[in-house]
There are 2 protein chains.
Amino acid sequence: MRLAAPSTTAETIREAAVRVFGREGLGAPLRSVAAEAGVSAGRIVQLFGSKDALHRACDEHVLAVVRDLKREGMTDAGASLLTRLAMVDGLVPYVAYIARSVQAGGEHARTFVQHMVDDAMGYVADAVAAGVVRPSHDEGARVRYLTESALGHLALRLSLDAPRDGDELVACLRRHLDSTTLPLLELFTQGFLADRRMLDEYLMYVGDPPAREQAQA
Amino acid sequence: MRLAAPSTTAETIREAAVRVFGREGLGAPLRSVAAEAGVSAGRIVQLFGSKDALHRACDEHVLAVVRDLKREGMTDAGASLLTRLAMVDGLVPYVAYIARSVQAGGEHARTFVQHMVDDAMGYVADAVAAGVVRPSHDEGARVRYLTESALGHLALRLSLDAPRDGDELVACLRRHLDSTTLPLLELFTQGFLADRRMLDEYLMYVGDPPAREQAQA
DNA sequence: CTAGCCTCTAAACATGCGTTTAGCAGCGCC
DNA sequence: GGCGCTGCTAAACGCATGTTTAGAGGCTAG
């Protein structure tokens, strides 16, 4: 998996911005992006118009990259798109950028999250139909929960680990994947609670009695 | 559940800071905290020494509040401490503060997360011993995963919703609880994946064959 | 050769933020 | 009344950051 090398100054700047914003968050100074790109801050503003416009350009670019990767067939119900991207060293900056962009909040972030949720809805629906994933009482809520908690967790890890360069960023994401894979698979496979009592109580509470399969238990 | 009203200017400031930082994050200007407390920014620096020292004072205070609440017996394996606190309107600013403090990163945040993980280790160990929660292959990793993803999710929601005052903050947390309770209980009760194949493959991969109960399946 | 355009920079500017400084008001004591 | 202390403020200060400005260098066309 190799992405096209930047050929214009604007592309070089945009890639540098994805790296810097992914490592340090959207609060990183424009001067840091400029230093990473080997240009002046003034040049960035000349080409993009403002820091906010650069942020927007990065969002659009990263979404386009993700869309292209999806088109190449990175679909597999066992691991989220984010996790799959994070396994590829060259894509780690994109994953980090996504997490940092949503962490920053605002309209951009809400759009980004909605995109990720919509994507995941597709995968999960297919997986349920294929019998790989259990059906849910509320598929929309479940997918939003899974997507947001994964994004939020990753963003939190970035803040806690504060990678200073690309290598530290890759190491950070490696550690994150290593430490979460087993607990996640365990939870996905066998759950956490030993019985259904709390789920059933909650379903009664919201006026939605246990589905038919409960009758068999 | 009622917390003691502040009786000194320092306490007033500290409470105001918890509210403002919880709503807007640790990047909120000191002038905003000053306005919320009804004093000048200079007074805050006079009493606490610096913005960073105020942040530290808030951390210590919130941890102490949480410790007191734990002592009052808010223990129940089905809902994390954070969730229980979030159900009480008066404690919502504390929950938001915790999420925002960890979101900011740094040594404070790591300490905070470690406290929450240590707390959760206690509850979960008790719940496993009582047969309420299923045992895990790696309890430490599981508890860290559950704690961090809950914290990260909450922090993300705060960033996305950007509450402007206390009422909006309470509404934000209500929405968060309402939208996550069912998916969480569902996941905790029945998991996500329809079978154990992926978990077993992973356990083989890390050189830890499936435990004895797999033999029964 | 000159003018215009493009690429780009360094420095200046405007603004926001944490912190420092100067000084006021009130109180109690001698 | 004067002094010292406490509580407090408004304004000034120093710095970081996003943005603007002035101008240099290179290239091309007439």
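Throughout, a chain's letter reflects where its sequence line sits, starting with A, and its residues are numbered from 1.
In this structure the side chain of A:Leu146 reaches within 4.5 angstrom of the side chain of B:Phe192, judged on heavy atoms.
A search for salt bridge (charged side-chain N to carboxylate O under 4.0 Å, His left out) contacts involving A:Arg43 returns nothing, not counting sequence neighbours. Scored by the salt bridge (charged side-chain N to carboxylate O under 4.0 Å, His left out) test, A:Arg67 finds no partners at all (sequence neighbours excluded).
Using a 4.0 Å cut-off between a side-chain N of Lys or Arg and a carboxylate O of Asp or Glu, A:Asp138 and A:Arg142 do not qualify as a salt bridge. Taking a cutoff of 4.0 Å between a charged side-chain nitrogen and a carboxylate oxygen, B:Glu36 and B:Arg31 do not qualify as a salt bridge. Ionic pairing of B:Arg110 and A:Asp161 is not present here: no N-O contact between side-chain nitrogen and carboxylate oxygen is shorter than 4.0 angstrom.
Sorted by first and then second residue, the ring-ring contact (aromatic ring centres under 6.0 Å, His included) pairs involving residues 146-183 of chain B (not counting sequence neighbours) are A:Tyr145-B:His153, B:His153-B:His176.
Side-chain atoms of A:Glu168 come within 3.5 Å of backbone N or O of A:Arg164 as a donor-acceptor pair.
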Practice item. Give the B/S/- string for nucleotides 10-18 of chain D, one per nucleotide from 5' to 3', where a protein heavy atom under 4.0 Å of the base yields B, of only the sugar-phosphate yields S, and otherwise -. Key: --B----BB

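Atom-to-atom, CG of B:Asp52 to P of C:dT19 comes out at 8 Å; the value is rounded to the nearest Å. Between B:Leu47 atom CG and D:dG7 atom C1' the separation is 9 Å, expressed in whole Å. Nucleotide D:dT21 holds its C1' atom 11 Å from the CD atom of A:Gln46, rounded to whole Å.
Remark: B:Arg100 is not positioned above the aromatic ring of B:Tyr94, lacking an NZ or CZ atom under 6.0 angstrom from the ring centre and at most 45 degrees off the axis.
Of the residues in residues 7-22 of chain B, not one places a heavy atom less than 4.0 Å from an atom of DNA chain C.
Overall, the helix from C:dC1-D:dG30 to C:dC30-D:dG1 carries an axis bend of 40° between its ends, with five pairs at each end and the value rounded to 10°.
Between B:Phe21 and B:Tyr97, the ring planes lie tilted relative to each other; the angle falls in the 30° to 60° range.
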